Each structure stands twice: as C-alpha cells, then as structure tokens.
Amino acid sequence: MEAEVIRAELVLPTHMSFKRIQMYEKYPKGQSKVRWKQLKQIIQAENYQNYDPDEPNYVNIESPPSMQPCKRICDITGFEAPYHDPRTNLRYANADVFKLVRSLPNEYVQRYLALRKAAVVLR
Amino acid sequence: MPFISKIQRQTDYNRFPSSTPIVIDNGASYFRIGWAGETEPRVVFRNIVQRPRHKSTGETITIVGDHDTALLRYFDCSRSGPRSAFDNNVVCQFEIMEYILDFAFDRLGANGSRIDHPILITECVCNPVYSRSKMAELLFETYGVPSVAFGVDAVFSYKYNQLHGICEKDGLAICPGFTTTHVIPFVNGEPVYRGCCRTNIGGFHVTDYLKQLLSLKYPHHMARFTWEKVEDLKMEHCYIALDYALEARLFQNGGKEAEDKTECWQLPWVQPPTEEPPSEEEIARKAAIRERQGQRLREMAEAKRSSRINELENQLHGLEFILQQLGQIQEEEMSSFLSETGYTSKQEIESTLTKVTLSLRKAKGEPKPEQAENDEKTDSSTSEKYPLINVPDNMLTPEQLKEKKRQIFLKTTTEGRLRAKQKRFEEELERERKTQKDEERRLENPQLYLEQMHSKYKELHEKVEQRKRLKTNGGHTNGSSVSGGVGRGERLNAAQRERMRLLTTAAFDRGKGEDTFGARDEDWQLYKLMGKDNDDDDDGPDEDEGELARVCSRLQEIDPTFVPKPEPTPLQPATAEVPHVRPLTKEDFQIVLGVERFRCPEILFHPNLVGIDQAGLDEMTGVSIRRLPSKDEALENRLTSSIFMTGGCSLFPGINKRLEAGVRMLRPCGSPIKVVRASDPILDAWRGASIYAANLKFQQQTFSRSDYYEKGEEWLRRYQLRYTL
C-alpha cells in the first residue's frame, strides 16, 4: 500500500476489536453469497394485505396520484408548452424550439423523453 | 456549500460510561453518529461504500464515505461504483450497512470486545419489519449491543424545534429528504402515523434531473458534469419560484430581470495562440525547402530509371547470347541446353527478347515508336491470330471450331475497345470546343456571364440541398423507433416510400376483403414501375452534384469574391463537438443556468414533470390532513398554523412562500397558515435524537436482545417509540 494511502487511512481495516464476528469470518469467500432482498421483494414478502388496512404501514402511507392537472412544460427550454410534436412526442414552446426538436438525432430525443419517463423502452 | 465530512478518529471513547447511549442518524445521504447529550455529532460522512481493487496488489479493499479523489488513482475503480445500503429509504443491503457501522464505530474510537452502549438509531416511517429485524440482528449479534431503540428522524427534528418553541405541540412536519418526502401530522406532541404521507421524490431526483438537462444541453462538456459537481451547482444556484409559469414567461421574454437571474459558469479555457501570417522570410524559406525536396525526389527517380535501364540491357545481352548459342549447336543437344537455361523453347526466348526490348525502349522514353509498334502488332496479330474466322464451319474439326469461336470473341472485344477509345477522343474534342466557346463568351461580356454563373450555381445548390433534405426527412419518420440512428433513416428514402405507396394503393384498389392481386398480368407491371423509381433516384443527384462541383470550381477561378456556400450545420444540441465553423471563443466554454435554476426543484411540487405520478408537496399536506382519523376543524387549523420544514431539500430559497401559497389553495379561506423552517434542517434530527436519548426515561423505550428473541416478529412490528417522555 502506498504511504499516503496509509496516512490518509483510506482503507477500512479488516479486523475490528469490538466485533464479535469479523467480516472475513462471516463471508469467507469475499462477497456474501446471500443475495440481499430488494425493497420490492421485501414488500411482497410482508403480505401487507393480511394486516389491518387502518394501521399505517409502509405501503399504506404512500401518496395517491396527483389531482392537479398535469403541468406541461417544454422538454428543451422549460417554458410553458402548449404544443406537442406527434412525430417525436416531445413538447415544445414555439416555432424556434420546434426547429430544434426536428433537427435532433434520435438519441437525444429518447433522452429527453426518458426525463419524463415517456421513452419507448424495448427491454 | 456542501457538508464537510468529519471523520477524525475520536479519542475519548473510554470517557463515557456504559450507560451513555450512542445516537446514530442513519440517513440516505449522510450518516451521523455521536454521543447522547451533545449538540454536534462526532462523525459525519456520506453513506456510501466503494470496493475497488488495488492496482498493484490486486486485493479488494473497502472505502467508506467519499474521499479525496486524488488518492483513488492507486485503485482500479472501474468495476465498483459507490454503493448505498439504501433502496428508496429503507435499508436493504446489510453487508454494506455493516461496513458503514464498522467504519463509524472505528472512527468514534471504539475499542474493547463489544460496543457496550445502548444505541438509538433512526429509520424511515413505518419501516418494514424485515429491515428492522435485520438491523436489530446486526447490532445485537455482531456488535454485542445491549439495547436498541428505533426512531423516525423527522419526528426527532420536530421535537427538538418544539422544545425551542419554533413549532407548536400540534403541527405538520414536512421532510423532503434525499430519496423521499414525508408529511407527518402531530397531535399532542405525538406523531399520528395514520395521517402520514410519503412521495418518492427527493434531492436525489432534483440533482439527477439537473445533471441530465445540462448533459443534453451541453453534450461536448458532458464529462464535466459529475454527480458531486452538479450537487454543488444545485445547492448554490437553485431556487424555487413562487409561480412557475410567471418565472418561465419572464425568461421567455428575455428582459433585464431574466438576465439578472441567469447564472453563468465559466469552464477553464485557454485561448490558443493565434498564428501570425507567415512573414516573407518564412515563405521564402518554405519555398526553398520544397524546391530541395522536389530536387531530391527527381534525383531519386532518375537514379531508379537508370538502374532499371541497366538491368534491362543486361538481360537483353544475356538473351541475345543465348540465341546465338542456340543457333550454333546441333538439334539433339538443344533440349538439354534449353533445360539448363530455363526456357522451354526457342519461341519463348524470342518473345522474352522482344518484351525486354520494348520495356527498354519505354524506360528510355521513346513513346512514339512504341505505339506504332503496338498498332503494327495488333494489325499483324489480327491477321495472325484469327486465321480461322474466315474459314466456313463445315470445313473445320471440333477443336478448330472451338478455336474459331475464341478468335471471334477476341476480335469483337478488341474492336469494341477501339471503338470506345474513339468515342472518348471525340468527347474530349467536344469538351475542348465547349470550353473555348465559354471563354469567348466570357471575354465578350464578363458581367453577364458572371451573373449567369451565379444564378446557375444557386439553382443547383438548391436542388441538391432539397434532395438531401428529402433524404434525411425520410429518416425522421422513423425517429420514434429506439435503435434507429441517422444511418437507418437514409434507407427509407423517397424511392422506398414510393414503393410502399404503390403497393398499398394496389392492394386497396381491389376492394375490401378480396385479395386478387396477381390474377391479372397487368398487376405485375407494378414492379416494373418501382424498379424504375429506384434507378432514377440514385443517378439523379450524382449528375447534379457533378454539375454543381464544376460550376463551383469555374466560379472560384474567375470570380475573386465568390465563396462557396457551406453545408448548413446542424443546430447546437445536435453536434457532438463544438462546431468548428468559426474559431472557439470564451463563450463556448460557459455553462448558462437560466431556466434550470427553478425548473429542477419544481419537481418537488410537481413530480409528474419527471414521470412520477404522485402528489407534490402542497397536495401532500391536503392528503395528510384528510387522512387524519378525527375530523376536527379546530385541529386542522392548529395543524396548518404550525407547518414545519426539515430535511436537506428544505434549504431551497423560496420554498416557504411557495408552500404557503400552495396550502392556501387547499384550505378554506381565512384559515391560519404559517410555515416555519427548522433552525438547522440537516443536523436537527440528530440533535433531537441526542436530547431524547439523554433523557433518563430513555432506557424504558429501548428493547434488549432477550426481548428481541423472546417476543418475536409481531411485537417488533408494533414497536414504536413514545416521543414525549
């Protein structure tokens, strides 16, 4: 290890005195073989429908979809956008921006749409 | 400015008795740990872990928190990005959590065989019991902690400020955090989780949005927009507009106010030194160098030529000698003699001799006799080579017939070649005559001629441009498909569109429900039409472009002021590099933040700007009040008169006023609304927890290892802290 790395104490030491079971004992082969559950799996496993719907739990307290009308802003400039391009599905504010929209290569169009989660995903 | 991590190793661990709790604020962005009863956490760092490999030794090491990037050059960080233990705001990756706790306790100065202090750790609202139990297990088993308590960070922050009189006993706590935003109503000092509301948007999404927008707007500076830098920009420049539409219109009109609000970030850039026009000496020197190089090349060519001539002459002499010898010896010894020299027959020797003499003559540079030779040769060979042509068929054997066919073939090909040469020659003459006429016209009336040329150039340019535009427009019709690049669009050009049109009209002409295409012969003529279309399209532009090039060069010769029109460069965001039509200036390296300043934090109030279909901050307060179990007008008024903001995202300027305006829209007219911000939105959660843990009655709220194992999961699910002690 280089001297300055040791001096900066960058690396986490492998043996900690206050731990009962050290990391290298718990995971002898480096990374743990156990795949930790993702949040989605945890929620599924919990079976929230068995519980009382009145009691607050992780899934209960989520916000409902918005009641306000969707605010339409131009994808490129951020101004208000009353118009919508049927070919690329982008929103634009005026004719100059429209010229820009039509000249964009497809990659950029998809990235702008992905900001709004409106891109076509083929996965 | 961003928080500075505090990771100095503490030395006074042993000063604290076993009863002093350790307080941990386990946030998605930062991890804070310290002793109960103090006002500042001892150790603060970013809640991420990196596991790069050391470049020379190859071992995998762990780095917790963010560190000086200069030191990271010893490590191969390509495979490992920074990883967080959190998924949304719930701890899921407990291995990473363990690394983080290791690091935290180590920096707190822990020594001894176990962590012998009770621990108060924060979690999210209504944490799933899986996460809670795994955390408890980790603390009890691995660290040997005697007792543990779980609390919600927003609540601690509220209690802390309630203590200091900033907010009332009944109120609403709004906590826009790193990955989520919560709204928690408080009644009598206790949080009512029934009325709680959570939206999955936070500071992380704001930074990400800003990063994407800047990368799209300035693609050639994309490497500059790292996550940390964009976070800095966000904290320094972003604000929340009171009314988004108004602000946007302000910028759209582009008045002076918009100019004031626009911030500009100048990237480091050094102007390249301008080249001075070369002086006379320079020019002369360069010309002399070029002369010398030309001279050298000519000498080399000469040397090569003379050596080749020598070679050929030698070969010639050798062959003549052999022929002489052949003439002298007898018939019988001829075959053996021939095998020695390597030639199979006398004719071969003679043919090689003629070839060598020819090439010698060419090398010496005597073109004329060579051509005459050639013509003679062809003439003579015609009569020689095609003796069988004139002989009628029935007099020949089959082999000779074959031979005759071959000779006819050869004859026709050579005649064809001669004809082609003749035609080319005539075309040359024609062109010569045309240019001469042109010259004469020009000399008569230079002005008119120039005008004519200019107009012709413009016409041709237009035509070519239009055709090009048509071609690329065909590409944009396919713009919505994901994998298409610019190349794919060219395939669907006008020809293919025409073909599709013909096919579909043919199909529809038949009438509904019946497909009898092909029953009649005329139907297949359709394909002939389509074939023709294809050819036209390909040949057309070439001619035009060739004509354009000729006119362009002519104009350049005769008109000193003519400048050929460049291709229209694509507009700014489409280029991958800074357009080189003009020299790069300082402005090219400036990042302008105008509308982005208030567009990005706007997503806190309108998550559907980034596609998340949930309520924004102002709507969430309405939802939260609606969800309360008891409907009491007075209570609601009390709640709205003490709206408390905490959490990292509440630091945006202008958020208070905006929230107030938003809540006013939801509440009946005249109800009291007051929005306050925490005294320190970032550290207040830890401070509140610290004061709570320092309380003597804290021990009753914790649970120990035996409790955890005896009482089981159901009890753990119902476990909630009582916040008023």
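For clarity, every value in this text was computed on a predicted model and none was experimentally measured. Throughout, protein chains are lettered first and strands after them, A, B, ... in sequence-line order, and every chain is numbered starting at 1.
Put simply, CG on B/D102 and NE2 on A/H15 are 11.0 Å apart, with the number rounded to the nearest 0.5 Å. Rounding to the nearest 0.5 Å gives a distance of 8.0 Å between CZ of B/R198 and OG of A/S63. From B/C126, atom SG reaches atom CD of A/E55 across 9.5 Å, with rounding to the nearest 0.5 Å. In this structure, CD1 on B/I61 lies 9.0 Å from CG on A/L12, to the nearest 0.5 angstrom. Atoms CZ and CE, on B/F105 and A/M16 in that order, are 10.5 Å from each other to the nearest 0.5 Å. The SG atom of B/C196 sits 11.0 Å away from the CG atom of A/N57 when rounded to the nearest 0.5 Å.
Using a distance-only test at 3.5 Å, with no hydrogens or angles considered, a donor-acceptor pair links the side chain of B/D87 to the main chain of A/L39. Of the possible polar contacts, one joining the A/E46 side chain to the B/V129 backbone as a donor-acceptor pair under 3.5 Å is found. A distance-only check finds no donor-acceptor pair linking the side chain of A/E62 to the backbone of B/C197 [under 3.5 Å].
Ranked by heavy-atom pairs shorter than 4.5 Å toward chain A, the options B/F598, B/Y244, B/F251 are led by B/Y244. Interface check for chain A: of the options B/R249, B/R717, B/R114, B/M620, the most heavy-atom pairs under 4.5 Å are formed by B/R717. In terms of non-hydrogen atom pairs under 4.5 Å with chain B, the most contact-rich of A/N94, A/I73, A/I61 is A/I61. Interface check for chain A: of the options B/T180, B/L609, B/V64, B/D116, the most heavy-atom pairs under 4.5 Å are formed by B/L609. Put simply, of B/N608, B/L213, B/I63, B/T142, the one with the most heavy-atom pairs under 4.5 Å next to chain A is B/T142.
Contacts between B/F140 and chain A at a heavy-atom distance below 4.5 Å involve the backbone alone (N, CA, C, O). For a residue to count as touching a neighbouring chain, one of its non-hydrogen atoms must lie under 4.5 Å from one of that chain's; by this rule B/E619 touches chain A with the side chain only. With a 4.5 Å cut-off on non-hydrogen atoms, B/D208 does not touch chain A at all. Looking at A/Q68, the atoms closer than 4.5 Å to chain B (heavy atoms on both sides) sit in the backbone and in the side chain alike.
For CZ of A/F98, the number of neighbouring non-hydrogen atoms (other residues, nucleotides, ligands) closer than 6.0 Å is greater than 12. Summarising the local packing, CZ of B/R53 is surrounded by 12 or fewer heavy atoms from other residues, nucleotides or ligands at distances under 6.0 Å. Shown here is B/Q8, whose CD atom has no more than 12 heavy atoms of other residues, nucleotides or ligands within 6.0 Å.
In this structure, A/K37 is positioned above the aromatic face of B/Y130, its NZ or CZ under 6.0 Å from the six-membered ring centre and within 45° of the axis. At least one test fails for B/R599 against the ring of A/F79: distance under 6.0 Å to the centre or angle within 45° of the axis.
The two residues B/C92 and A/I42 come nearest to each other via the heavy atoms SG-CD1, 3.8 Å. Here the closest heavy-atom approach between residue A/P64 and residue B/R627 is recorded as CD-NH2, 3.8 Å. Minimum interatomic distance between A/Y58 and B/V125 (heavy atoms only, all atoms of both residues): CD1-O, 4.1 Å. Shown here for B/V610 and A/K117, the closest heavy-atom pair between the two residues is O-CG, 3.3 Å. Minimum interatomic distance between B/Q93 and A/W36 (heavy atoms only, all atoms of both residues): OE1-CD1, 3.5 Å. Between B/Y143 and A/K19, the shortest heavy-atom distance links the atoms CE2-CG, 3.7 Å.
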Should A/F18 and B/N111 be marked as a side chain to side chain contact (heavy atoms under 4.5 Å, CB included) after you check the CA-CA gap, both sets of side-chain angles, and the distance that decides it? CA-CA 6 Å; A/F18 47 82; B/N111 42 29; over 6 Å; no
Run the numbers on B/V595 and A/T77 for side chain to side chain contact (heavy atoms under 4.5 Å, CB included), then give the verdict. CA-CA 7 Å; B/V595 183; A/T77 52; 5.8 Å; no
Candidate pair B/Q212 and A/L115, rule side chain to side chain contact (heavy atoms under 4.5 Å, CB included), full reasoning: CA-CA 8 Å; B/Q212 300 283 353; A/L115 285 183; 3.2 Å; yes
